[in-house]
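See below for the structure under consideration.
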There are 2 protein chains.
Amino acid sequence: MESKRRVTIREVAERAGVSMATASRALSGNHPVPAATRARVLRAARDLDYVANAHARALVGGGRKMAAVVVRQVTSPFYAQVAEGVEAEAADRGWLCVVGATGGDPQREMEFVQLMREEGARLVILVGGVVEDDAYRERVTHYAQALDATGARLVLCGRPAPDPDIPALVVEFDNEAGARAITGHLLSAGHRRIVFLGGLPGNTALDARVAGYRAALAEHGLPAEAAHVVDCGLGRAAGLRAMAELLKETREFTAVFAGDDMVAAGALRAIADAGLTVPDDMSVVGYNDIPLAEDFNPPLTTVRTPAEELGRAAVRIALRDPEHAAGSHHLLGTHIVVRRSVGAPPEGSH
Amino acid sequence: MESKRRVTIREVAERAGVSMATASRALSGNHPVPAATRARVLRAARDLDYVANAHARALVGGGRKMAAVVVRQVTSPFYAQVAEGVEAEAADRGWLCVVGATGGDPQREMEFVQLMREEGARLVILVGGVVEDDAYRERVTHYAQALDATGARLVLCGRPAPDPDIPALVVEFDNEAGARAITGHLLSAGHRRIVFLGGLPGNTALDARVAGYRAALAEHGLPAEAAHVVDCGLGRAAGLRAMAELLKETREFTAVFAGDDMVAAGALRAIADAGLTVPDDMSVVGYNDIPLAEDFNPPLTTVRTPAEELGRAAVRIALRDPEHAAGSHHLLGTHIVVRRSVGAPPEGSH
DNA sequence: TTGAAAGCGCTAACAC
DNA sequence: GTGTTAGCGCTTTCAA
């Protein structure tokens, strides 16, 4: 058990026959040290398999920069991609990246942010839509101020800042525009009775998509009553269940706009189970263009939200010109990718 | 800029009118402190929004435990699930979990492990098959010894220990058994000419699947020449390309066993592009049962490897009975999930 | 160029 | 019970 101690710089210094200070300087290379001594120190470090103690280093100020991404779950393809983007951009800059999963629980989110404060993270990125209630506003305001008080940055990805004046930065997709565009795509194909499947009242991301959907309907001269949104929330299981129920109740629609691709996956399955075929009997579109959306049956027409780029942008923007960034709001564009899940409405459906 | 300093326990102590030691004791609660003083300290900490400095704490010994998972990429559904399992199990124990992505580059893997040593991770989990060459053996032996020297644990998930005596623990699925079972499933359906798509010679995970495939063939009395493995490696793109080429060359097979579900996704697409339908013209099976495998066209028959459980098991086993665990080898079971991508071989295919 | 020494924020002995 | 003190391993003045 004597051996369970890490090799310290003191041992390296002794072996190299120099002082700790010199060893430190040789190792970090930020201070001139004669090549010969330097080599001796490096050699000793290698022989001993020395690794610096990051905590000691952090304590004295020269610590490694750390970024944290917080998502609901890493197994969601969309969140995974965002996390990968953050990870990649952080790695490019030599930063360490920690990812935390909350399962959607505000409590766990708070604990994780707290933890990151303790660990001295310089950048905390919260990802994903939320219901924007008072509790949310209070929580985020607190995060922002606490983080800012120590010079750390907070970025909100796909969720709103409670107040434009708090020291946080938001980066998100233009959900309303994306939803408007894909609804327009359905409308252009001739559909008039389109249901939006996957509403989540209060959730900022979904509300924006619903708004875009309504706007597109209105632009095409449809009355407000033409909108039909089913608030089943997100996830494959929710989409499957809601779609199945809807098909039992009514067939008074020819297309479905799913809140995201996972909902679309569930809807597709429910439609097939009902003996209908897509797109002949029913058209379906999704949102996010996750990898594998093209492997659905049929390949899914959806709106592409470059998730990895969202992650990269979050760190890039936060780290560039920090003073100016605070309070700023960045909107990333999206576009439709057309595959095979949209067709003309079936004959006689009007 | 004066404000960019964190509040320390000294300030909390001053505000509560006690010494730092008392404040520390009240905060961590591991030492009896009168309720009244304790309350004053807690109050002061809350007023100041104090968070302990994890680095200082770690330095003095009482640091937070940290686990690290290292995967190729978080966007792979399989790896994401493993990471989620590790994260969940770590969180359950109050540990922090860091995930690192290497992109399959040994160099980045080494850097990341080094980093984790600096950060004082107590548990490092390396996930995914590898080609087991001398460089690999040397690398892993070094990780194991270095980690062990400080009492940290190394677990290898789905990759071999270079030597049973090194202080590392391996947890993996029984790839050979899984492959044998699903090949048997194809055989039972009447297929005799089955190609294995996605070999990666030297990769331990794939080699085991190929071995299981060959074993099943042999068990059914087929000659060794009946085996046909295409070494195209993993990933959807590889599967797509290899399958397309194969179909151009020959149709002398009625089923394909894809190295994993992503390869299967590519293969399915290539088969459809060639005007064939699954399973009428061709049967396809995959490996891993990723979420969404049931949304493929058609829903994929595959072998389920409980990935999240693999991640959880890795930390559970590593943390339980540590002395005994080192050097042990754990095999997790898998099973087939039957969906709709397997049928009888087409008429006259014999 | 190098060494001695101070100190980062915290906890754990060790007094009182 | 509570305060004082001594470090944890490192970097960085400050002298020499």
Side-chain angles (χ1 to χ4, degrees), chain A residues 2 4-42 44-45 48-65 115 117-122 149-151, chain B residues 2 4-42 44-45 48-65 115 117-122 149-151:
Chain A
E2 278 312 295
K4 297 306 186 196
R5 252 196 51 267
R6 291 168 63 154
V7 173
T8 71
I9 201 172
R10 145 171 268 121
E11 299 167 59
V12 174
E14 278 169 5
R15 179 177 246 259
V18 296
S19 72
M20 284 170 54
T22 303
S24 170
R25 294 192 265 248
L27 256 9
S28 52
N30 53 4
H31 202 82
V33 168
T37 359
R38 179 191 177 73
R40 282 216 319 289
V41 173
L42 260 31
L48 263 24
D49 195 18
Y50 166 78
V51 287
N53 182 321
H55 299 298
R57 220 173 230 177
L59 198 52
V60 76
R64 184 177 302 273
K65 310 282 198 212
L115 185 59
R117 288 219 279 150
E118 295 183 359
E119 298 286 338
R122 312 304 299 140
T150 57
Chain B
E2 275 315 294
K4 296 308 185 196
R5 249 195 54 267
R6 291 166 64 153
V7 356
T8 71
I9 201 173
R10 146 171 267 120
E11 300 167 56
V12 174
E14 278 169 7
R15 179 177 245 258
V18 297
S19 71
M20 284 170 54
T22 302
S24 170
R25 295 192 265 249
L27 257 8
S28 52
N30 53 3
H31 203 81
V33 168
T37 7
R38 179 192 177 71
R40 282 217 319 288
V41 173
L42 260 32
L48 263 25
D49 195 19
Y50 165 78
V51 287
N53 182 322
H55 298 298
R57 225 173 223 176
L59 199 52
V60 75
R64 183 176 302 272
K65 309 283 198 211
L115 184 59
R117 287 220 279 151
E118 295 183 1
E119 298 286 337
R122 312 305 300 142
T150 58

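Below, chain A is the first sequence line, B the second, and so on; all start at residue 1. In this text the structure is predicted, and so the values were computed from the model without any measurement.
- Within the 4.0 angstrom heavy-atom criterion, only backbone atoms of the sugar-phosphate kind lie near A:A52; the bases stay farther away.
- Closest approach to the A:A21 side chain among C:dT2, C:dG3, D:dT4 is made by C:dG3 (side chain taken as heavy atoms from C-beta onward).
- Closest contact between the side chain of B:R57 and the listed nucleotides D:dT12, D:dG3, C:dT11 involves C:dT11.
- Atom NE2 in A:H55 sits about 14 Å away from atom P in C:dT11, given to the nearest Å.
- Looking at the side chain of A:Y50, the nearest of the listed nucleotides D:dC10, C:dT11, C:dT2 is D:dC10.
- Closest approach of B:A54 and A:E119 over heavy atoms only: CB-OE2, 3.6 Å.
- The nearest whole Å value for the distance from the CD1 atom in A:I9 to the C1' atom in D:dT12 is 12 Å.
- A heavy-atom distance below 4.5 Å is found between the side chains of B:T22 and B:R25.
- Of all nucleotides listed (C:dT11, C:dC8, C:dT2), C:dC8 comes nearest to the side chain of A:V60.
- Picking from D:dC10, C:dT2, D:dT2 the nucleotide with the shortest atom distance to the side chain of A:R25 gives C:dT2.
- The CG-P distance, from A:L48 to D:dG9, rounds to 14 Å in whole Å.
- The distance from atom CE of A:M20 to atom P of C:dT1 is 21 Å, rounded to the nearest whole Å.
- Remark: B:N30 is not in phosphate contact with C:dT11, judged by side-chain N or O atoms under 4.0 Å from OP1 or OP2.
- Going from atom CZ of B:R6 over to atom P of C:dC10 covers 8 Å, rounded to whole Å.
- With rounding to whole Å, B:L27 atom CG is found 16 Å from D:dT2 atom C1'.
- Across A:E118 and B:R6, no two heavy atoms sit closer than the pair O-NH2, 3.3 Å.
- For B:R5 and C:dG9, a side-chain-to-base donor-acceptor distance below 3.5 Å is absent, hydrogens and geometry of angles not being considered.
- At a threshold of 4.0 angstrom between heavy atoms, the contacts of B:T37 are confined to the sugar-phosphate backbone, with no base atom among them.
- Applying the 4.0 Å criterion to OP1 and OP2 of C:dG3, one finds that A:T22 has a side-chain N or O inside that range.
- Sequence order on DNA chain D of the closest nucleotides to A:S24 and B:P32 puts B:P32 first from the 5' end.
- Side-chain atoms of B:R57 never come within 3.5 Å of backbone atoms of B:G63 as a donor-acceptor pair (strictly under, hydrogens ignored).
- One interatomic measurement links the two molecules: CD of A:E14 to P of D:dG9, which rounds to 13 Å at whole-angstrom precision.
- Of the candidates C:dG9, C:dG3, D:dT2, the closest approach to any side-chain atom of B:V33 belongs to D:dT2.
- Put simply, CG on A:L59 is 9 Å from P on C:dC8, counting in whole angstrom units.
- B:L42 pairs in a side chain to side chain contact (heavy atoms under 4.5 Å, CB included) with only one of the listed residues (B:T37, B:V12, B:L27), which is B:L27.
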